[in-house]
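Some notes on the structure that comes next.
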Amino acid sequence: MGVIAEIDRCATVAWRAGRADHANSLVGASRAGVVDSGFSDKPVLEMWSLHANSGRLKSVASTPLSAPCHRVAWSSMETESLSAGIVAAGLEDGTVRMWDAAKLLSQGRIESEEADGAVLYGSSSSRRKHKSHTRGIQFNPVLKSLLATGGAEGEIFVWDLGSDPSRPTVHTMGGTPSGSSENASSGPDITDVAWNRKVQHILGTVTSLGVSVIWDLKQKKPLISIKDPRGRRRSSCLSWSSDIATQVLIASEDDGAGAIRLWDLRNASSPIREYSHHGDAGVLDLSWSGFDSDFVVSTSKDSRSMLFSASTGAVLAELPTTPSRNFEVQWSPSLPGVLSSSSFDGHVSIISLLSANCARSGGADDEGGASTALAASFGVNASEFALPEDTVNSKAEVSVSGNVQDLSGKAPKWMLKRCSVSFGFGGRVISTGFTPSAPPKSGPEAEERVLTARRSVKMRYMRADKSFTDEVQEASALFENASLESMLALADDRAGRASQDSLDAISWEYLKLHFTPRSRAEL
């Protein structure tokens, strides 16, 4: 594990999702609540291109912001008019701003906010604001036109960009809209939002009072609430499993043991696992890998960032240390084993699990650094929604502080052979591969069903073609007593059998020349 690229910025980061040829693109925005080394009061949003060979993140576009950010997101929603998707940012003043990424890239460096012609939404004429800071923002990974944002006083907005992102339809899920005359009581601040990776209408939110709410957008109401078992503890972030739709990791920012907990919504009365590898330090951010559901990376107030196993809790590796703590870690959605980390000391680092350890160079220029209603909501029968027996009432607490395993002892899932084949005696052929299991008979749309894959082993018998085997035996006997005359006769026979002027006929005629006494002259 090592740093493959860096840039000197104190920024929150989002990767570009979508096609593999865009996997090296990122967007970053000045982090709220942090002052950079130059004491600059001019927040900016930048787009970077990853150049791992030179160890740099190259700035390819930038635009000024009216306020710094807590989170940014980059949608892979690409249309004829939006060839590079949409970039969205939640600003400290509550503004949600969106840009046409293709126009940002084409305009390069924009000097003033008023001159930014790439803004789709969030200008002074179309601004819709949360009451205060916007801490959570994420595009739906399935329905890419949906954007969820979370702000102060329990406000949760779901933005439907539809065909015209400049005029989105905004649905309020929590709190009250800005400027509303309703005298509704204010809720706790939303600290993070995350869409379920498998069920497109499920949204998770966490709050500053330790209450996590899972929303069902189809029913437009909370599906289930999860409370911190230790009382009111500020939740910092959450992340959904890429394999099991009902499992979610929730982290607490307050100092205390068991800062990360794994919950299964099928039995939300208590967590099924607790991770205490950060000791008593509160967790600032975590990210669950989409390529290997056993890989989770977290960063905390102890200035350590860990890669650990979701199934066992064992720490697999520790990310390269920084002079100051990291406040954000994000797996790349397109590059297996690659993640970004952002630190308070003004570094954005790109780290690869498969690279050798690299020492931080310490210097960088402007361009970059060196280095049962619940079951229905999920689209399955209640009988198929039962929690596995080995996890019911078996909360496991794992404490592996100081016990870091060698990452080389665990092969990531993306390196697993998807299929294989081998020939045996008697015409036998054995093959292996992954076959999806049959979809459930009940449930709504097929794309919302949680499917599993099972590895199959198949044995087949290859039936021999008699004409082919006869030719092979004839050729084998000919090669045992080969001579120029016999080889010339073979080539002449095959050329006569082939269609005239075909590639086979030309090939055999060419071979005949090599067996004639005057082959050079004939050629």
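Quick note: numbers below take in every heavy atom, side chains included, and nothing from hydrogens, waters or symmetry partners.
Of the possible donor and acceptor atoms, one in the side chain of S75 sits under 3.5 Å from a partner among the backbone N and O of K144. A donor-acceptor pair is defined here as one N or O able to donate and one able to accept, closer than 3.5 Å; no such pair exists between the side chain of R71 and the backbone of T12. With hydrogens and angles disregarded, a donor-acceptor distance shorter than 3.5 Å links the side chain of W195 to the backbone of Q138. In this structure, the side chain of D292 does not engage the main chain of P412 through any donor-acceptor pair within 3.5 Å. Checking side-chain atoms of D255 against main-chain N and O of G282 turns up a donor-acceptor pair under 3.5 Å. Here the side chain of W15 pairs no donor or acceptor atom with the backbone of P333 at under 3.5 angstrom. A donor-acceptor pair is defined here as one N or O able to donate and one able to accept, closer than 3.5 Å; no such pair exists between the side chain of S293 and the backbone of D243. A donor-acceptor distance shorter than 3.5 angstrom exists from the side chain of Y275 to the backbone of A310, with no hydrogens or angles considered. Side-chain N or O atoms of R325 include one that pairs as donor or acceptor with a backbone N or O of K301 at under 3.5 Å. Judged purely by atom type and a 3.5 angstrom limit, E153 has no side-chain atom pairing as donor or acceptor with the backbone of K131.
Side chains of L265 and I226 form a contact here, defined as non-hydrogen atoms less than 4.5 Å apart. Counting heavy atoms from C-beta on, the side chains of W288 and S242 never come closer than 4.5 Å. Counting only heavy atoms from C-beta outward, the side chains of M173 and V213 never approach each other to under 4.5 Å. Residues W263 and S212 have side chains not in contact (no heavy-atom distance under 4.5 Å, counting atoms from C-beta outward). In this structure the side chain of R97 reaches within 4.5 angstrom of the side chain of S66, judged on heavy atoms. Between M415 and P336 the shortest side-chain heavy-atom distance does not fall below 4.5 Å. Considering only heavy atoms from C-beta on, S341 stays 4.5 Å or farther from T299 through its side chain. Between L249 and R261 there is no side-chain heavy-atom pair separated by less than 4.5 Å.
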Dump the intermediate steps for side-chain contact (heavy atoms from CB on, under 4.5 Å) on V72 and I137, then the final yes or no. CA-CA 7 Å; V72 291; I137 185 167; 5.7 Å; no
Take T63 and V119, measure what side-chain contact (heavy atoms from CB on, under 4.5 Å) needs, and give me the verdict at the end. CA-CA 10 Å; T63 182; V119 174; over 6 Å; no
Could you walk me through whether L353 and L316 pass side-chain contact (heavy atoms from CB on, under 4.5 Å), step by step? CA-CA 11 Å; L353 302 187; L316 303 174; over 6 Å; no
Output, in order, the C-alpha distance, side-chain angles, deciding distance and verdict of side-chain contact (heavy atoms from CB on, under 4.5 Å) for H347 and D8. CA-CA 5 Å; H347 282 285; D8 282 346; 2.9 Å; yes
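Aromatic ring pairs are classed by plane angle as parallel below 30°, tilted from 30° to 60° and perpendicular above 60°; the pair F295 and W414 is perpendicular. Between H70 and H133, the ring-plane angle classifies as perpendicular under the 30° and 60° cut-offs.
Tested against L146 for a side chain to side chain contact (heavy atoms under 4.5 Å, CB included), the candidates L161, D160, L203 yield a single pass: D160. Evaluated for a side chain to side chain contact (heavy atoms under 4.5 Å, CB included) with V193, the options V158, T134, T205, L147 yield exactly one hit, T205.
At a cut-off of 3.5 Å, with distance as the only test, a side-chain donor of S269 or N267 sits close to an acceptor on the other residue. A donor-acceptor contact under 3.5 angstrom links the side chains of T95 and D93, judged on distance only. For the residue pair T246/D264, the side-chain donor-acceptor check at 3.5 Å is satisfied. A side-chain N or O of T149 and one of W159 form a donor-acceptor pair less than 3.5 Å apart.
Between S298 and V283, the closest heavy-atom pair is CB-CG1, 4.5 Å. The minimum heavy-atom distance linking S334 with A23 is given by the pair CB-CB, 3.5 Å. Among all heavy-atom pairs drawn from W99 and A88, the shortest one is CZ3-C, 4.4 Å. Across T191 and S235, no two heavy atoms sit closer than the pair OG1-O, 2.7 Å. Nearest approach of I190 to E155, heavy atoms of both residues: CG1-O, 3.6 Å. Contact detail for P271 and E274: the closest heavy-atom pair is CG-OE2, 4.0 Å.
Interatomic distance, Q247 CD to W240 CH2, rounded to the nearest 0.5 Å: 10.5 Å. How far OG of S241 is from CZ of R197: 7.5 Å, rounded to the nearest 0.5 Å.
Under a 4.0 Å N-O distance rule, the pair R234/D189 does not qualify as a salt bridge.
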